Undergrad: 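One structure, as structure tokens, below. Some questions next.
Atoms within a ligand are numbered from 1 in the order they appear, just like the ligands themselves. In this chain, residues are counted from 1 in sequence order. This is a predicted model, so every value here is computed, not measured.
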Amino acid sequence: MQKNYTMNTNNPFLIKGYIPSNLFCDRHNETMELYGNVENGIDTTLISPRRMGKTGLIFHFFEYLDTKTDKEAIYVDIYSARSLNDFIKLLAEATLRKFPEKTSIGKRFLTLLKGLRPLVGYDAISGEPQIQIAYQSAQEKEYTLQGLLQFLDRQSVPIVLAIDEFQQITQFPEQNTEALLRTYIQPLKNVRFIFCGSRKDMMTAMFSNVKRPFFSSTQYLTLDKIDHHVYATFIQKIFAKNKIQIAPSTVDFILTWTKRHTFFTQSVCNMVYQMGKKRVTIDHVKKACFDLLKRNEPVFFQYRQLLTPAQWNFLIAIAKEGEIKQLTAKKFLGQYNLGTPSDARRISKSLVEKELILETHTKEGTMYQVYDLFLSRWLESEY
Ligand SMILES: Nc1ncnc2c1ncn2[C@@H]1O[C@H](COP(=O)(O)OP(=O)(O)OP(=O)(O)O)[C@@H](O)[C@H]1O
Ligand SMILES: [Mg+2]
């Protein structure tokens, strides 16, 4: 247990759940872009690496819609969906969460559901709706999906439907899911979609491949890191509001260490805040970073277990470099004893697939880094 930290439940640096707008940093342009798309009948494909803030942005945008417009917004997270069946269930539950039984849309929705002979129940603890539908045939299932989407389209209010972790549909055993969805979505007039995902390869394949049903049907929005100056000002302001002093150079240190990645920056700030200091120094921040890495060690050991020594060494080498362009360059391979260029290609490919290495395509070319920043910083310091 960490004895030197005072327990503080009012920590303003949130690392999970909904973030109220006063604790939410920036994303103004992205919010306006989403709004512009919705207003102009354009669906959006929202992409970024893990934990950059996609889900946070969606909810921030929903709050904007809620306060500024008459649009209704529905959020479906299909991360756990393994089949079309799960997808339909999650969509129906999200709709019922948005329009509960007591609302007029909710009443109509339940009537529709009843026609599908579902079992509608409510979780005893959370009170969240739970729906089970038994299908006679695949056709009936497809008909249900179409029915749910058409129902939303028929309502008198415009609807925004955000589907999070959308890449998941490519893993369904029903190979025609993409085509089905595209067919049912295309004629809708009243529903605008946000398709969200962190697997850039899968998402762009779906939306940019001429041969795929969703080809060119949406506008991309790539969520980048928050601007350094904007994030620094935000952090400074939040600490100041809580009567904690922190020098700009110390904030810069945080942002450099976390490489401005949203989740890691929030985590370090959250930890620093927990320390309960009135005046935060660089040493406090270093201690917070060190403690965060320590806490995550069990996960890192597990990674090591799951990888071959060659893969592990490869990760260490990338962590030491921070960011690297040429994975097969002689100098890099030689310096870290990584074998031949073809070994490197094979290893890096598997590490990218396992989401342990992040591959980013920039104007300057393809860049590689260890995906999990904490793992990267830990490898850098341990080896
Ligand atoms: N603009 C923001 N200001 C402050 N905190 C943020 C902001 N955006 C995201 N966060 C925080 O950063 C973390 C990651 O955000 P979020 O879960 O939205 O990322 P994500 O891109 O959806 O990740 P994943 O791909 O893993 O689903 C969350 O803990 C969230 O609280
Ligand atoms: Mg998310």
Side-chain angles (χ1 to χ4, degrees), residues 9-34 44-64 73-81 90 94 161-171 194-204 220-239 241-242 251 254-255 257-274 292 295-296 299 352 354-356 358-360 370-375:
T9 46
N10 297 319
N11 200 313
F13 294 101
L14 298 179
I15 42 178
K16 59 177 170 196
Y18 170 71
I19 320 167
S21 55
N22 60 325
L23 302 177
F24 190 82
C25 179
D26 193 39
R27 299 303 191 198
H28 175 76
N29 293 344
E30 291 86 352
T31 306
M32 286 305 116
E33 199 169 321
L34 284 173
T44 310
T45 301
L46 174 60
I47 306 181
S48 83
R50 293 222 159 273
R51 294 163 158 197
M52 195 60 88
K54 295 178 294 300
T55 305
L57 171 64
I58 290 177
F59 282 109
H60 186 67
F61 173 56
F62 279 12
E63 189 177 289
Y64 178 85
I74 302 177
Y75 172 82
V76 196
D77 179 358
I78 62 161
Y79 185 71
S80 64
L90 290 168
L161 178 56
I163 309 181
D164 209 347
E165 307 291 353
F166 189 66
Q167 68 247 341
Q168 204 59 43
I169 70 161
T170 61
Q171 311 295 307
I194 301 172
F195 303 105
C196 183
S198 56
R199 290 298 299 258
K200 192 168 184 204
D201 47 346
M202 293 183 183
M203 293 292 282
T204 48
Y220 281 111
L221 173 54
T222 306
L223 196 60
D224 233 311
K225 294 174 176 182
I226 295 170
D227 173 80
H228 183 104
H229 177 71
V230 172
Y231 216 159
T233 310
F234 169 82
I235 293 170
Q236 192 95 42
K237 190 186 80 189
I238 301 263
F239 275 121
K241 266 196 184 146
N242 288 280
V251 175
I254 296 177
L255 289 170
W257 194 82
T258 63
K259 301 186 180 176
R260 256 189 302 140
H261 197 299
T262 321
F263 171 75
F264 300 103
T265 306
Q266 291 294 117
S267 299
V268 170
C269 291
N270 180 292
M271 193 65 141
V272 168
Y273 185 89
Q274 281 185 47
L292 275 169
R295 283 189 186 190
N296 282 287
V299 183
V352 168
K354 292 182 203 299
E355 294 192 277
L356 283 166
L358 176 64
E359 189 181 45
T360 29
V370 175
Y371 206 131
D372 178 335
L373 182 105
F374 287 159
L375 175 62

Undergrad: Hey, does the side chain of Q266 reach the backbone of L14 with a donor-acceptor pair shorter than 3.5 angstrom?
TA: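 Yes, Q266 side chain to L14 backbone: donor-acceptor pair under 3.5 Å.
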Undergrad: Go through it in stages, so that I can follow the logic: the residues are S48 and T222, the test is side chain to side chain contact (heavy atoms under 4.5 Å, CB included), and I'd like the CA-CA distance, side-chain angles, deciding distance and then a yes or no.
TA: CA-CA 6 Å; S48 83; T222 306; 5.6 Å; no
Undergrad: Report the part of T55 in contact with ligand 1, treating N, CA, C, O as backbone and CB onward as side chain, heavy atoms under 4.0 Å; options are side chain, backbone, both, neither.
TA: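 Both of them.
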Undergrad: What protein heavy atom is closest to atom 27 (O) of ligand 1, reported as residue, atom name and distance in Å?
TA: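 Here the nearest protein heavy atom works out to E165 OE2, 3.3 Å.
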Undergrad: Kindly confirm or rule out an N or O of C25 lying under 3.5 angstrom from an N or O of ligand 1.
TA: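 Yes, there is a polar N/O contact under 3.5 Å.
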Undergrad: Using a plain distance cutoff, I'd like to know if D26 has any nitrogen or oxygen under 3.5 Å from a nitrogen or oxygen of ligand 1.
TA: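 No: no nitrogen or oxygen of D26 is under 3.5 Å from one in ligand 1.
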Undergrad: Just to confirm my output: which protein heavy-atom neighbour is closest to atom 30 (C) of ligand 1, and how far is it?
TA: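 Result for atom 30 (C) of ligand 1: I19 CD1, 3.6 Å.
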Undergrad: Can you figure out which of P49, G56, C269, C196 has its heavy atom closest to atom 18 (O) of ligand 1?
TA: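 Result: the heavy atom closest to atom 18 (O) of ligand 1 is in G56.
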Undergrad: Using distance alone, determine whether F24 and ligand 1 share an N or O pair under 3.5 Å.
TA: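 So ligand 1 has no N or O lying under 3.5 Å from an N or O of F24.
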Undergrad: Out of T265, L46, T262, indicate the one that has the non-hydrogen atom closest to atom 10 (N) of ligand 1.
TA: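 Considering heavy atoms of T265, L46, T262, the nearest to atom 10 (N) of ligand 1 sits in T262.
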Undergrad: K54 to ligand 1: N or O pair under 3.5 Å?
TA: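 The answer is yes, given that K54 and ligand 1 share an N or O pair closer than 3.5 Å.
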Undergrad: For T31 and H60, work out which heavy atoms get closest and say how close.
TA: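 For T31 versus H60, the nearest heavy atoms are OG1-CD2, 3.4 Å.
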Undergrad: To the nearest 0.1 Å, how far is atom 14 (C) of ligand 1 from its closest protein heavy atom, and which atom is that?
TA: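 The protein heavy atom lying closest is R51 O, 3.6 Å.
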Undergrad: I'd like to check L221 versus T45 (side-chain heavy atoms, cut-off strictly below 4.5 Å). Are they in contact?
TA: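 A side-chain contact is absent here, since even the closest heavy-atom pair is not under 4.5 Å.
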Undergrad: Check for me: within less than 2.8 Å of the Mg ion (ligand 2), which protein N/O/S atoms show up?
TA: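 Short answer, with waters excluded from the count: T55 OG1.
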Undergrad: With a 4.0 Å cut-off on heavy atoms, does L23 reach ligand 1?
TA: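 Under 4.0 Å: yes for L23.
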Undergrad: Using a 3.5 Å cut-off on N or O atoms only, is L57 in polar contact with ligand 1?
TA: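 By distance alone, the answer is no.
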Undergrad: Can D164 and Y79 be counted as having a side-chain donor-acceptor contact under 3.5 angstrom?
TA: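 No, Y79 and D164 have no side-chain donor paired with an acceptor closer than 3.5 Å.
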Undergrad: With backbone taken as N, CA, C and O and side chain as the heavy atoms from C-beta onward, which portion of Q266 lies under 4.0 Å from ligand 1: side chain, backbone, both, or neither?
TA: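 Under 4.0 Å from ligand 1, Q266 contributes side-chain atoms alone.
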Undergrad: Heavy atoms only: give me the nearest M203-G197 pair and the separation to one decimal.
TA: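 Heavy atoms only, the tightest pair is CE-N, 3.6 Å.
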Undergrad: Hey, is H60 touching ligand 1 through its side chain, its backbone, both or neither, going by heavy atoms under 4.0 Å?
TA: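 For H60, there is no contact with ligand 1 at all, from either part.
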Undergrad: Can you check whether I226 has an N/O within less than 3.5 Å of an N/O in ligand 1?
TA: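 The answer is no, given that I226 and ligand 1 share no N or O pair closer than 3.5 Å.
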Undergrad: For atom 26 (O) of ligand 1, which protein heavy atom lies nearest, and how many Å away is it?
TA: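 Checked against all protein heavy atoms, atom 26 (O) of ligand 1 sits closest to R50 NH1, 3.1 Å.
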Undergrad: With distance as the sole test, does Q236 use its side chain to make a donor-acceptor pair with the main-chain N or O of V251 at under 3.5 Å?
TA: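 A pair under 3.5 Å: no.
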Undergrad: Is the gap between the ring centers of Y64 and F59 under 6.0 Å?
TA: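 Between Y64 and F59, the centre distance exceeds or equals 6.0 Å.
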Undergrad: What's the shortest distance from atom 29 (O) of ligand 1 to any protein heavy atom, and which residue and atom give it?
TA: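 Nearest protein contact, heavy atoms only, for atom 29 (O) of ligand 1 is I15 O, 2.6 Å.
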Undergrad: List the closest protein heavy-atom neighbour of atom 19 (O) of ligand 1: residue, atom name, distance to the nearest 0.1 Å.
TA: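 In this structure, atom 19 (O) of ligand 1 has G53 N, 3.0 Å as its nearest protein heavy atom.
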Undergrad: Closest approach of I78 and L90, non-hydrogen atoms and distance?
TA: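 Residues I78 and L90, closest heavy atoms: CA-CD1, 3.9 Å.
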Undergrad: Which of the atoms in ligand 1, numbered in the order shown and given with their element, are less than 4.0 Å from a heavy-atom of L14?
TA: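 Contacts of ligand 1 toward L14, numbered from 1: 31 (O).
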Undergrad: So that I can tick it off, tell me whether E355 and K200 are bridged by a salt bridge, with the cut-off set at under 4.0 angstrom between side-chain N and carboxylate O.
TA: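 Salt bridge absent between K200 and E355.
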